[in-house]
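What follows is a single structure, written as structure tokens, with notes after it.
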Amino acid sequence: MNFSECFKLSGQLCKFSPDGKCLASGVQYRLVVRSTETLQILQLFTCLDQIQHIEWSSDSLFILCAMYKRGVVQVWSLEQPDWHCKIDEGSAGLVASCWSPDGRHILNTTEFHLRITVWSLCTKSVSYIKYPKACQQGIAFTKDGRYMALAERRDCKDYISLFVCSDWQLLRHFDTETQDIAGIEWAPNGCVLAVWDTCLEYKILLYSLDGRLLSTYRAYEWSLGVKSVSWSPSSQFLAIGSYDEKVRILNHVTWKKIAEFEHPVTVASPRIVAYKETEKSPAVEMDKLLFPPSKSVASSLFSTKSKYEIAQLPVSLHHVKPAVDRANPRIGVGMLAFSSDNCFLATRNDNIPNTVWIWDMQKMKLFVVLEQLCAVQLFQWDPCRSRLAICTANSRVYLWSSAGCVSVQIPMEGDFQVVSLCWHSNGDSMALISKENFCVCYLEREAEEVK
């Protein structure tokens, strides 16, 4: 495993292009585009204000920079660096901006969610969509880019509108049996739309492309409900994480529950492997220590080494007591992610913040538990292999695969704490992101893949 040098960053804005050839990062009001192979700067663009959001077009030819404070979006072209586009929403303001799947339209959401403006880069035409709902995940595109689903709120009721992305014509419009939609997400095959209600009520609704209600799922009543939702890449499973610290798996045939995964504080089953991160300081021979010590020796005096050990079962996991009298309590399954081959599901229970749970989706059983020394900030699966990367806001990155797990110290001077990460599309490298810097980690391919 090799690491690049450290580069400046603002707002954790760092994204690989979809074709994998470029890496874009935001530094205050500058957009820096680098080659992923050499990390040499290919283009340097200057925006009107500090960049708050960046996003690549699907064909990697354009990149969008949103400056929400100014209500302005600027678009830059990699093929024609002299060309650029400026979209000013004026007094309407701006709270969100994203590309359409064709990479030639931009969807801007105005302040107070009064409307969504659809700007065409090709014809310079403008379309308006009224009544978008202010929720966590209110816009969803099918994977093939043909359709867009939009959550709406009008006359104190929730609705879903389905649009054809090629001409933005309304395909279907229907009301939903929800009190207050929290989010929507298409199945990867684009056939089913999952809609979930406010956390005050456990309700998942599944709609077909023509607006028919296929099924409604409610696990319980009179308690905080759905916290996270994730489709498997094959569209066969829908995983629902909830505030009762459980994950429920629905199947795509009957939309009934086929498994329920619990997250207890004590793990006792002998069939589970529990990895526990341990830390120790390296021994330094004081009689051989020079004064003043060299930089490498000085850093080793205060650095600690980390590794995983297989814990003896039963093992009690570190947990925190949530403040149940406050909004959004730290309890329940808040993070879910399927591996690219559908074989594994990774979860985090927010009141056991240091632990990642990995479930075998073929056997529908808990497979591995990873307990970290610090709270898990993010985990993300390799897009090509069953390999999970984890960061915990320290100077290490953690990797798990079915062969085992490893803790890797990032060889950077200063305080480089990894708070986020993103994989390259081929899974051979990933960007490790701290609050003010990023570096690229290059992973060696496994021997069987090289042959």
Side-chain angles (χ1 to χ4, degrees), residues 12 136 182-183 196 198-202 219-220 222-230 239-248 260-269 272-280 304 306-337 344-359 366-381 388-400 405 407 415 417-421 432-435:
Q12 301 175 32
Q136 188 177 6
W196 57 97
T198 169
C199 65
L200 299 176
E201 184 173 357
Y202 194 118
Y220 52 81
W222 314 116
S223 187
L224 290 177
V226 177
K227 191 167 191 179
S228 55
V229 173
S230 180
I240 308 163
S242 50
Y243 281 89
D244 68 347
E245 304 177 48
K246 296 178 183 178
V247 174
R248 294 168 177 84
E260 186 173 280
F261 300 153
E262 297 185 0
H263 297 72
V265 173
T266 302
V267 177
S269 173
I272 299 165
V273 180
Y275 292 101
K276 192 178 183 75
E277 184 191 3
T278 59
E279 201 174 49
K280 70 173 184 176
T304 54
S306 155
K307 67 174 183 177
Y308 283 110
E309 292 180 350
I310 297 178
Q312 293 293 318
L313 298 175
V315 60
S316 294
L317 304 171
H318 168 74
H319 65 283
V320 294
K321 190 175 181 180
V324 292
D325 57 339
R326 296 181 184 177
N328 303 311
R330 287 181 58 187
I331 187 171
V333 181
M335 289 173 67
L336 287 171
F344 299 103
L345 172 69
T347 63
R348 187 196 70 183
N349 185 11
D350 292 348
N351 51 302
I352 310 179
N354 296 17
T355 303
V356 177
W357 312 68
I358 299 174
W359 308 82
L366 182 59
F367 185 52
V368 168
V369 171
L370 301 170
E371 186 178 18
Q372 310 295 134
L373 289 169
C374 303
V376 174
Q377 301 293 308
L378 181 76
F379 53 70
Q380 201 172 92
W381 288 99
L388 185 71
I390 304 166
C391 63
T392 62
N394 58 17
S395 58
R396 304 183 189 102
V397 62
Y398 307 90
L399 292 169
W400 175 87
C405 53
S407 166
D415 191 25
Q417 297 184 338
V418 186
V419 295
S420 184
L421 56 87
L432 305 177
I433 303 165
S434 73
K435 288 183 179 179

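This one's a predicted model, so the numbers in the text were calculated from it and none came from an experiment. Residue numbers run from 1 in the order of the sequence given.
Residues Cys391 and Leu432 fail the side-chain proximity criterion, which asks for heavy atoms closer than 4.5 Å. Cys405 places none of its side-chain heavy atoms less than 4.5 Å from the side chain of Val368. Residues Phe261 and Thr347 are not in side-chain contact: their nearest non-hydrogen atoms beyond the backbone lie 4.5 Å or more apart. Side-chain contact between His263 and Val247: present, with at least one pair of heavy atoms (C-beta onward) separated by less than 4.5 Å. Asn328 has its side chain out of reach of Arg326: every pair of non-hydrogen atoms, C-beta onward, lies at least 4.5 Å apart. Arg248 is listed as a side-chain neighbour of Tyr202, based on a closest heavy-atom distance under 4.5 Å.
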Without placing hydrogens or testing angles, list every side-chain donor-acceptor pair under 3.5 Å for residues 307-318, not counting sequence neighbours.
unit_1, atom_1, unit_2, atom_2, d
Tyr308, OH, Gln372, OE1, 2.6
Tyr308, OH, Gln372, NE2, 3.2

Would you mind writing out the side-chain donor-acceptor pairs for residues 392-400 within the sub-3.5 Å range, not counting sequence neighbours?
unit_1, atom_1, unit_2, atom_2, d
Thr392, OG1, Asn394, OD1, 3.2
Thr392, OG1, Asn394, ND2, 3.1
Asn394, OD1, Arg396, N, 3.1
Asn394, ND2, Tyr398, OH, 3.0
Ser395, OG, Gln409, NE2, 2.9
Arg396, NE, Gln409, OE1, 3.4
Arg396, NH1, Glu279, OE2, 3.2
Arg396, NH2, Glu279, OE2, 2.7
Arg396, NH2, Thr304, O, 3.2
Arg396, NH2, Thr304, OG1, 3.1
Tyr398, OH, Glu277, OE1, 3.4
Tyr398, OH, Glu277, OE2, 2.7

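Remark: the backbone N or O of Ile331 is paired with a side-chain donor or acceptor of Lys227 at under 3.5 angstrom. Of the possible polar contacts, none joining the Asn351 side chain to the Lys321 backbone as a donor-acceptor pair under 3.5 Å is found. Checked by atom type and distance alone, the side chain of Ser230 never pairs as donor or acceptor with a backbone atom of Ala239 at under 3.5 Å.
The residue from Val356, Thr355, Ile358 that alone fulfils the side chain to side chain contact (heavy atoms under 4.5 Å, CB included) condition with Val369 is Thr355.
A pairwise comparison of heavy atoms in Ala337 and Phe379 identifies CB-CE1, 3.8 Å as the closest pair.
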